[in-house]
Enquirer: 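Input: one structure, supplied below.
To find a chain, count down the sequence lines: A is the first, B the second, and so on, and within it residues start at 1.
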2 protein chains.
Amino acid sequence: MDIRTVAAEAGVSIATVSRVMNHVKTVDPKLSKRVWEVVNRLGYVPNTQARALVSGRSRLFGVIISDITNPFFPELIQGFEEKAVEVGYETMIGSTKRDLKQMELCIQRMLERKVDGVAVMTFGIEPLLLERLSLQGIPMVFIDVAPPGHAITPPPGKAISTISIDYEKGIREGVQHLAVLGHRRIGFLAGPRYLHTALAREHAFRRSIQAIGLALPEEYVFEGDHTAEVGMDGMSALLALADPPTAVMCSNDMTAIGAMHTALGAGLRIPHDLSVIGFDDIRLAQYMFPPMTSIQMSRRDLASAAVMALKAHIDESEDHPAPSNTGIETRLVVRQTTSIPRGALSDLKPGE
Amino acid sequence: MDIRTVAAEAGVSIATVSRVMNHVKTVDPKLSKRVWEVVNRLGYVPNTQARALVSGRSRLFGVIISDITNPFFPELIQGFEEKAVEVGYETMIGSTKRDLKQMELCIQRMLERKVDGVAVMTFGIEPLLLERLSLQGIPMVFIDVAPPGHAITPPPGKAISTISIDYEKGIREGVQHLAVLGHRRIGFLAGPRYLHTALAREHAFRRSIQAIGLALPEEYVFEGDHTAEVGMDGMSALLALADPPTAVMCSNDMTAIGAMHTALGAGLRIPHDLSVIGFDDIRLAQYMFPPMTSIQMSRRDLASAAVMALKAHIDESEDHPAPSNTGIETRLVVRQTTSIPRGALSDLKPGE
DNA sequence: GGCCGCGCTGAAAACGTTTACCGCTTGTCA
DNA sequence: TGACAAGCGGTAAACGTTTTCAGCGCGGCC
């Protein structure tokens with residue numbers, strides 16, 4: 001069942017069928033109608049491969065993430081896909097599992113399928129490898145992957161843009177929120193430091209703490225890996241301190257979930273004995289008990305910005321240059337894991 | 001950069017390059033080596049579309065699920081993808097969002113890309129639509145979608161198989177576990193009844209309850225939709241009863257998360273005041289507080305069985321027929337949301 | 001009434017592979 | 001040394017589209 005069958009059945013040429021399927025408007029409505037009837041009757045579906053082969057465009061975007069199992073990503077993917085469909089593209093997903101081998105395979109597959117653009121949201125897809133994409137002139141958008149101008153220095157003309165996330169704002173709101181409640185000892189369960197995303201959050205935290213004049217003993221910061229598992233370890237470490245923090249901020253929600261787990265397991269009441277703030281505001285955060293206070297960045301905005309950046313590169317012209325960077329804001333969403341610290345008064349004593 | 005470039009550079013014909021890339025062993029190792037060198041030097045990547053077009057096989061499997069945002073599915077997808085890669089296939093994902101329109105688009109996309117097989121794990125991809133795939137002779141595997149022999153009655157020769165899940169075992173274990181602990185009033189937060197998966201769980205629950213001679217007032221069963229949101233509603237409904245259950249079993253873990261949320265919010269202690277059992281045993285279950293007792297079915301086994309079934313259909317021959325059905329077991333994983341009911345003794349009074 | 005132009009359709013080339021088929025080379029055996 | 005077989009490599013067709021280009025028919029204008 002191919003275009004020829006349809007053409008024969010409708011008594012037109014294959015060129016006409018092609019035009020009808022692509023909604024080219026120079027086709028006589030009479031013929032168009034006849035063709036559509038045949039198409040529906042026969043259930044004809046055009047072959048994407050042949051289409052892509054000849055047109056040179058696959059109408060396919062790739063999304064590279066690190067771990068589809070982290071709830072943050074499916075939410076992102078869904079947004080990406082919806083937006084992509086909106087502008088006429090399909091989406092293929094590559095999960096690197098933070099493994100170099102997987103990254104290579106991932107890039108290989110994207111190249112094989114001749115994607116028209118790639119969104120990257122994982123660290124360490126080594127610039128070396130990405131070079132391969134850029135060599136082919138494939139537009140790319142890096143979502144919060146590296147500090148602008150660092151590591152990835154695109155050949156000036158290349159179709160590369162970045163989406164940067166303003167961690168500062170959300171995290172400052174979070175720290176201030178805690179400070180206003182009366183917390184003076186605030187810990188941070190960081191993400192892996194080789195990961196720009198994580199490091200940026202940590203830096204934002206440190207700056208916010210400093211800005212309001214609080215002390216930050218180095219043992220209040222624990223480097224984790226953004227999994228619940230290690231979030232538990234981090235919390236254990238903080239609780240073991242002589243003078244444990246009365247509040248913890250976490251580099252992502254999975255870490256926060258692990259932290260809450262350990263804290264509750266140790267008999268602490270949240271938020272009474274310990275305040276917790278997550279980051280990402282995955283959907284699940286509100287179903288935790290208590291519902292988690294978290295810092296949100298809109299997955300929808302982010303996905304949408306990524307798609308639009310790719311599209312812009314593809315349609316780029318002198319009068320319509322693609323944006324080289326888009327910023328996304330973060331904001332605090334207060335729920336019920338934050339409150340006045342139990343020892344608030346004593347913390348306020350001079351000398352603290 | 002195509003096969004011709006490589007051929008020219010290596011001083012061989014394109015046929016040889018093709019053979020080298022496909023590991024055909026009739027190629028002189030000398031030539032093969034030369035070709036590989038050129039391939040690596042130039043970074044040549046074969047074009048999947050052209051390949052698929054001429055060979056007639058896309059080396060692509062489709063997976064149709066209902067909602068990528070439910071943590072159960074990413075875990076499934078990951079397993080499927082790994083197994084698929086193992087046998088030489090890639091995976092494309094279709095998320096129907098339980099929307100008829102989306103299902104149509106989904107099938108359309110699979111047909112367009114000429115997938116070599118499809119795994120379905122969502123209800124109501126209307127048989128009508130699936131007919132379209134089967135018409136094309138595309139192998140399909142239905143994962144726990146409909147009772148065998150029901151709805152989907154494949155034209156006998158067609159490449160369709162099913163994977164059925166033995167809910168009975170896991171759920172019986174769960175109910176017995178509760179009964180042994182002393183629970184007599186056990187509620188069930190069901191999934192949507194139009195969904196075979198959910199209905200099967202509900203039936204298994206009812207049978208298990210009956211088997212051990214407990215009563216099951218109809219208001220102890222609440223029909224939900226497998227979201228945390230509605231799990232909360234369900235729990236509220238149960239708690240509002242004059243004589244609320246001392247334990248609830250849930251049709252999936254998201255529902256259980258919602259239920260726990262509401263119960264804890266109402267001031268109940270889990271498991272002291274209320275025991276909870278989930279279903280699916282998503283990874284998150286163990287990070288809840290308390291860690292959730294749940295009924296597990298191995299995502300890995302399930303994904304693996306699906307891939308193998310598709311592969312078997314593709315390679316089918318007289319002496320190697322594909323399996324028409326594969327069974328997957330379920331089993332109880334006991335954690336800390338189940339214990340002796342507070343009112344255990346009074347419940348045991350005669351007359352109960 | 002004739003010519004020009006416009007709107008629409010169809011023929012054919014091209015996209016980058018795989019693979020059947022054919023022919024060459026090389027080795028072996030008589 | 002010659003003939004034949006086996007093993008390899010190359011030529012060309014084919015896959016299902018899109019798209020360019022040319023041509024046909026019809027209407028309007030002079």
Side-chain angles (χ1 to χ4, degrees), chain A residues 1-36 38-39 42-60 88 90 108-116 136-137, chain B residues 1-36 38-39 42-60 88 90 108-116 136-137:
Chain A
M1 158 80 59
D2 58 10
I3 201 174
R4 265 177 285 271
T5 321
V6 177
E9 191 77 9
V12 298
S13 75
I14 62 169
T16 300
V17 176
S18 172
R19 278 189 277 257
V20 169
M21 298 302 291
N22 289 288
H23 305 101
V24 175
K25 57 275 161 207
T26 67
V27 175
D28 186 332
K30 261 194 161 49
L31 285 194
S32 176
K33 180 150 175 284
R34 212 158 79 212
V35 169
W36 276 120
V38 174
V39 165
L42 267 52
Y44 165 70
V45 176
N47 182 322
T48 310
Q49 288 135 2
R51 223 194 255 244
L53 184 58
V54 60
S55 70
R57 302 184 318 156
S58 62
R59 305 240 111 207
L60 191 61
E90 288 182 44
Q108 182 81 5
R109 289 203 299 260
M110 305 255 159
L111 285 173
E112 284 175 354
R113 298 221 175 260
K114 292 274 176 293
V115 292
D116 291 338
Q136 317 262 341
Chain B
M1 158 81 58
D2 59 10
I3 201 174
R4 266 177 286 271
T5 321
V6 177
E9 191 76 10
V12 297
S13 76
I14 61 170
T16 300
V17 177
S18 170
R19 280 189 276 258
V20 169
M21 297 303 290
N22 290 288
H23 304 102
V24 174
K25 57 273 162 211
T26 67
V27 175
D28 186 331
K30 263 196 159 49
L31 285 194
S32 177
K33 178 149 174 286
R34 212 160 79 213
V35 170
W36 277 119
V38 174
V39 165
L42 267 50
Y44 165 70
V45 175
N47 181 323
T48 310
Q49 288 135 2
R51 222 195 257 246
L53 184 58
V54 61
S55 71
R57 302 183 319 155
S58 61
R59 305 241 111 206
L60 191 61
E90 287 182 45
Q108 182 82 5
R109 288 204 299 260
M110 305 256 159
L111 285 173
E112 283 175 354
R113 298 222 175 259
K114 293 274 176 295
V115 292
D116 291 338
Q136 317 261 341

Enquirer: Rounded to whole angstroms, how far apart are CD1 on A:Ile3 and C1' on D:dT18?
Expert: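 Taking CD1 of A:Ile3 and C1' of D:dT18, I get 8 Å after rounding.
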Enquirer: Identify the heavy atoms of A:Ser58 and A:Val115 that sit nearest to each other, and give their distance.
Expert: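 The answer is OG-CA, 3.5 Å.
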Enquirer: When rounded to the nearest 0.5 angstrom, what distance separates CG in A:Leu111 from CG in B:Asn47?
Expert: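 A:Leu111 CG to B:Asn47 CG: 10.5 Å, rounded to 0.5 Å.
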Enquirer: Between A:Met21 (CE) and D:dT17 (P), how many Å, whole number?
Expert: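 Taking CE of A:Met21 and P of D:dT17, I get 9 Å after rounding.
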Enquirer: Just how far, in rounded Å, is C1' of D:dT18 from NE2 of A:His23?
Expert: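 Between C1' of D:dT18 and NE2 of A:His23: 16 Å.
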Enquirer: Looking at B:Gln49 and A:Arg113, would you say the former's side chain and the latter's main chain have a donor-acceptor pair under 3.5 Å?
Expert: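 Present.
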Enquirer: Whole-Å distance between D:dT17 P and B:Glu112 CD?
Expert: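 Going from B:Glu112 (CD) to D:dT17 (P), I get 11 Å.
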Enquirer: Rounded to the nearest angstrom, tell me the gap between atom CZ in B:Arg51 and atom P in D:dT17.
Expert: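 Roughly 21 Å, once rounded to whole Å.
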Enquirer: Looking at every non-hydrogen atom in both residues, tell me the closest pair between A:Asp2 and A:Tyr44 and how far apart they are.
Expert: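 Minimum heavy-atom separation between A:Asp2 and A:Tyr44: C-CE1, 3.7 Å.
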Enquirer: Look up atom CG in A:Leu60 and atom NZ in A:Lys114, then write down how far apart they are to the nearest 0.5 Å.
Expert: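 Going from CG on A:Leu60 over to NZ on A:Lys114, the span is 12.0 Å.
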Enquirer: Among B:Thr16, B:Val39, B:Val6, find the one that has a side chain to side chain contact (heavy atoms under 4.5 Å, CB included) with B:Met21.
Expert: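 Option passing the side chain to side chain contact (heavy atoms under 4.5 Å, CB included) with B:Met21: B:Val39.
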Enquirer: Going 5' to 3' through nucleotides 6-15 of chain D, assign each nucleotide B (protein heavy atom under 4.0 Å from a base atom), S (under 4.0 Å only from sugar-phosphate atoms) or - (no protein heavy atom that close).
Expert: --SBBB--BB
Enquirer: What is the distance from CZ of A:Arg34 to C1' of C:dT9, rounded to the nearest Å?
Expert: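 Interatomic distance, CZ of A:Arg34 to C1' of C:dT9: 12 Å.
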Enquirer: Rounded to whole Å, please give me the gap between CG in A:Asn22 and P in D:dT20.
Expert: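 After rounding, the gap between these two atoms is 13 Å.
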Enquirer: Expressed as a whole number of angstroms, how long is the span from A:Arg113:CZ to C:dT17:P?
Expert: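 The distance from CZ of A:Arg113 to P of C:dT17 comes to 14 Å, rounded to the nearest Å.
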